[in-house]
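Counting starts at 1 for both ligands and their atoms, in listed order. Fair warning: this is a prediction, and the values are worked out from it, not measured in the lab.
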Amino acid sequence: MTHGAPLLLFNSLSRGIETFRPIDPDNVRVYSCGPTVYHYAHIGNLRAYVFTDTLARTLRWKGWPVTHVINITDVGHLTSDADAGDDKMEAAAKRTGQDIWAIARHYTEAFQRNLADLHILPPTHMPLATDHVAEMIAWGEKIAARHCYQLDDGLYFDTTTVPDYGRLAGAADDAAHARIDAVAGKRHPQDFAIWRTTPPGETRQMEWDSPWGRGAPGWHLECSVMSRRYLGASFDIHTGGIDHREIHHPNEIAQNQAYCECGDTGATFWMHNNFLVDRTGKMSKSSGDTLTLQRLIDRGFHPLSYRVMCLQAHYRSELEFSWDNLFAAQVRLKRWAHAVEGLRARAEAPGGADVSGYHAQLDAALSDDLNTPRALPVLDALLADKRLSPADRLEALAMFDAALGLNLTSLTRATLRVRPIEATVDVDTIEARLAERRAARAAKDFARSDAIRDELTAAGVEVMDGDPLGWDWKVAI
Ligand code: AMP
Ligand code: ZN
């Protein structure tokens, strides 16, 4: 049973809005290109997974069970879109002198913690590329004769052997490929490596034997192999960041078409989130000072503030990162937490009021190509609706949590209080001093109350008397 309005989604293949109809209503299948685990994900990467989580939650909200795959790219992704150069993983191992497998494990676990902190539902499968190399070789063997040619440094895919190569990339196609460095011997600039052989005299930490020599798979191949392996030949939705629309996804499509010897791209919908941009240039994983989720936490932001920031923008719009923008999102989250605490304090048994109007509004927003900026004011309206009892509002809140993943039913203001890493005072000390200050004020000992306030100010704690959100203090950052 599905409910609500038809689900409209933007399909990059047609560059238009289409009505989503599952191939199998009992199992909607979604594949999201996963992170390359040579470094911590930056918050731009994480925007991609807040988007896929909103998508998966919306599909479930509509009543369809979902199988969601996010792969882990632990081999194959080169330092540029070119087929020349180092594997990102190998380069990180060389740079740090660490074991490549340990690097992959460390950053995969860090990524999983990021997902949990952002309240992103765990995907059904999270396959590692390195666990599927034999299947990649088998795929290469199946398509090699008709679609590939061998050069000294590997097996290349001839993109003129499939229909409509680059249809997904559309007009941007030529510009994107103009950026690819030429590899000597390639028949066409857009041809790409299926397999990269290790240069003679070198060894890589990750390499396998293949019919084309010892080496490693090309990055694009892994997603074709793992999506088919976990979701079947033809599944519902393939997602990734907008950068993947130009090269990685057209290459996956070409491989899928070569494998099935048909025109099928592999997925009905190809969806792309736009970028989080940062004028200070801290978004790159390779810059020393990357904007990771942990950096936001270290500065006193709750991770869900970042989720709010993402939801305030439509996934197809560019979103500019700034600390002010994040701060505004955190204030919004605190307002909700404050309102929910107020409701909780006053809640009695639910009155069974009709909240279907809110249900319909939330559904209409999500059905409109996951329009989260439109959904958030509906949440504001629900929390403030005095015609509904506190218990009824709390009950309706659960459906917003299911759809938006903000966890408001269990968030408290106390959990939202994140201590910046540089703060020298701990929360217990602050609370104890503030209790003393309240006692001093009750006893009209204002000199003592002011002294405590000055002492806290000197320690970097701002006391916020009469804050409308009931926030008694914050650590200045
Ligand atoms: P990577 O780890 O580089 O393979 O990227 C993981 C995901 O993040 C991919 O879907 C990328 O398209 C996406 N991505 C990379 N940079 C950004 C960004 N600044 N904003 C949003 N998504 C991004
Ligand atoms: Zn991919």
State, with a plain yes or no, whether a side-chain heavy atom of [X] is found less than 4.5 Å away from one of [Y].
X	Y	answer
Thr265	Asn256	no
Val28	Pro22	yes
Leu8	Asp368	no

Worksheet item: Going through the checks in order, is the ring pair (Phe, Tyr, Trp, His ring centres under 6.0 Å) test met by Phe20 and Trp64?
Response: CA-CA 12 Å; Phe20 176 78; Trp64 295 306; 5.4 Å; yes
Can you see whether [Y] has [X] sitting over its ring - NZ or CZ less than 6.0 Å from the centre and within 45° of the normal?
X	Y	answer
Arg187	Tyr149	yes
Lys186	Tyr156	no
Arg47	Phe275	no
Arg245	Trp270	no

Practice prompt. Measure the acute angle between the ring planes of His359 and Trp61, then classify it against the limits of 30° and 60° as parallel, tilted or perpendicular.
Written response: parallel
Worksheet item: Parallel, tilted or perpendicular for Tyr49 and Phe111, by the 30°/60° rule?
Response: perpendicular
Kindly confirm or rule out an N or O of [X] lying under 3.5 angstrom from an N or O of ligand 1.
X	value
Ile242	no
Leu276	yes
Lys88	no

Look at the N, O or S atoms of [X], main chain and side chain alike, and state whether any lies under 2.8 Å from the Zn ion (ligand 2).
X	result
His220	no
Cys33	yes
His249	no

Show me which atoms of ligand 1 lie under 4.0 Å from any heavy atom of [X].
X	result
His244	9 (C), 10 (O), 11 (C), 12 (O)
Asn273	21 (C), 22 (N)
Gly44	17 (C), 18 (C), 19 (N), 20 (N), 21 (C), 22 (N), 23 (C)
Thr36	1 (P), 2 (O), 4 (O)
Tyr49	6 (C), 7 (C)
Asn274	21 (C)

Test item, [X] contacting ligand 1 (heavy atom, 4.0 angstrom):
X	value
His42	yes
Leu46	no
Gly34	yes

Worksheet item: What about the rings of His106 and Tyr40, do their centers lie closer together than 6.0 Å?
Response: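 So the answer is yes for these two rings.
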Response to the item:
So for Asp243 against ligand 1, with non-hydrogen atoms under 4.0 Å, the contacting part is side chain
Worksheet item: How wide is the angle at the Zn ion (ligand 2) between NE2 in His248 and SG in Cys223, to the nearest 10°?
Response: 110°
